[in-house]
**Q** 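Just passing along the structure, written as structure tokens.
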Amino acid sequence: ILTYLDGVVKVEETDLKPRVGFLYPLPTHNISVVINATRERDSGQYMCTVNVADEDSSVGKNVGIINLTVLVPPAPPTCELHGDPVVGANVTLSCSSSKGKPVPWYQWQRTDPTFQVFSSPAHGTVAPEAGGIKGGFGSGVALPPLQFSPADRVKGTLKLTNLSSDMAGLYVCAAENRAGSAKCNVVLEV
């Protein structure tokens, strides 16, 4: 995509042309390349070949390969309530982001009237004998007595069972990956 030969820089006709260049002015020993305004489709394998003039023995030996993965933050997710939110019923809250690289994982929390984080089975356990839920990322702190199945961090679902008026409130879902996060929310009225 990019060549420096006999003091002239040439860029191939690709969608990278207006966005790619050498990081330092040439000639130099550092031939680092910069790609501006990276896009997901810029991901791939890039190869650097250095041929030293008047050295036939170096042709094809000075090759470096690098794999580029462009990370993409999650798109704003969509939050939905599935089921009839009446006392004693079961409902499922779902959260889904249409985009993200790597694929986003999901975290539900209730922010109003009281703050509560819903963690995965590895982080929290339902403890009916204690009259509540142990959780908060392994904190051992008893959270308010809500009956639910732990959040599915991959699918973005939170199952709330045997609804009571205490479970009403504002539920917020965060879709997250290494590139960023985005949130949506749903109001549960029981």
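For the numbers below, each heavy atom of this structure counts, side chains included, while hydrogens, waters and symmetry mates do not.
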**Q** Answer yes or no: is there a donor N or O on one side and an acceptor on the other, between the side chain of T28 and the main chain of P25, under 3.5 Å?
**A** no

**Q** Look only at the side chain of D84 and the backbone of V86, and say whether a donor-acceptor pair between them is shorter than 3.5 Å.
**A** no

**Q** Under 3.5 Å, side chain of N90 to main-chain N/O of N162, donor-acceptor pair present?
**A** yes

**Q** Side-chain contact test, heavy atoms from C-beta onward, threshold under 4.5 Å: evaluate it for V190 versus V87 and give yes or no.
**A** yes

**Q** Other residues, nucleotides and ligands only: do more than 12 of their heavy atoms fall within 6.0 Å of CD1 on I66?
**A** no

**Q** Which distance, rounded to the nearest 0.5 Å, do you find between the OG1 of T92 and the CG of D152?
**A** 10.5 Å

**Q** What about I1 and V11, same hydrophobic cluster or not, with Ile/Leu/Val/Met/Phe/Trp/Tyr joined at side-chain heavy-atom distances under 4.5 Å?
**A** yes

**Q** Mind checking whether F115 and V187 sit in one hydrophobic cluster, side chains of I, L, V, M, F, W, Y counted as touching below 4.5 Å?
**A** no

**Q** Can we say R19 and D42 salt-bridge, meaning some charged N sits less than 4.0 Å from an Asp/Glu carboxylate O?
**A** yes

**Q** Under the side chain to side chain contact (heavy atoms under 4.5 Å, CB included) rule, what do I31 and L23 come out as? Steps first, then yes or no, please.
**A** CA-CA 7 Å; I31 55 169; L23 186 58; over 6 Å; no

**Q** Can you find a heavy atom in the side chain of L188 that is under 4.5 Å from one in the side chain of V186?
**A** no

**Q** Can you find a pair of side-chain heavy atoms, one from E80 and one from S94, that are under 4.5 Å apart?
**A** yes

**Q** Decide, based on the SG atoms alone, whether C95 and C173 are under 2.5 Å apart.
**A** yes

**Q** Locate the shortest heavy-atom distance separating E12 from K17; write the atom from each residue and the value.
**A** O-CB, 3.7 Å

**Q** If the plane angle is over 60° it's perpendicular, under 30° parallel, otherwise tilted; pick one for F22 and Y4.
**A** perpendicular

**Q** For the side chain of S97 and the backbone of P74, is there at least one donor-acceptor N/O pair under 3.5 Å apart?
**A** no

**Q** How close do A182 and A75 get, counting heavy atoms only, and between which atoms?
**A** CB-O, 3.9 Å

**Q** At their closest point, which heavy atom of G169 faces which heavy atom of P113, and how far apart are they?
**A** CA-CD, 4.0 Å

**Q** Could you give the distance from CG (L2) to OH (Y46), rounded to the nearest 0.5 Å?
**A** 11.5 Å

**Q** Please check if the number of heavy atoms outside K101 that lie under 6.0 Å from its NZ is greater than 12.
**A** yes

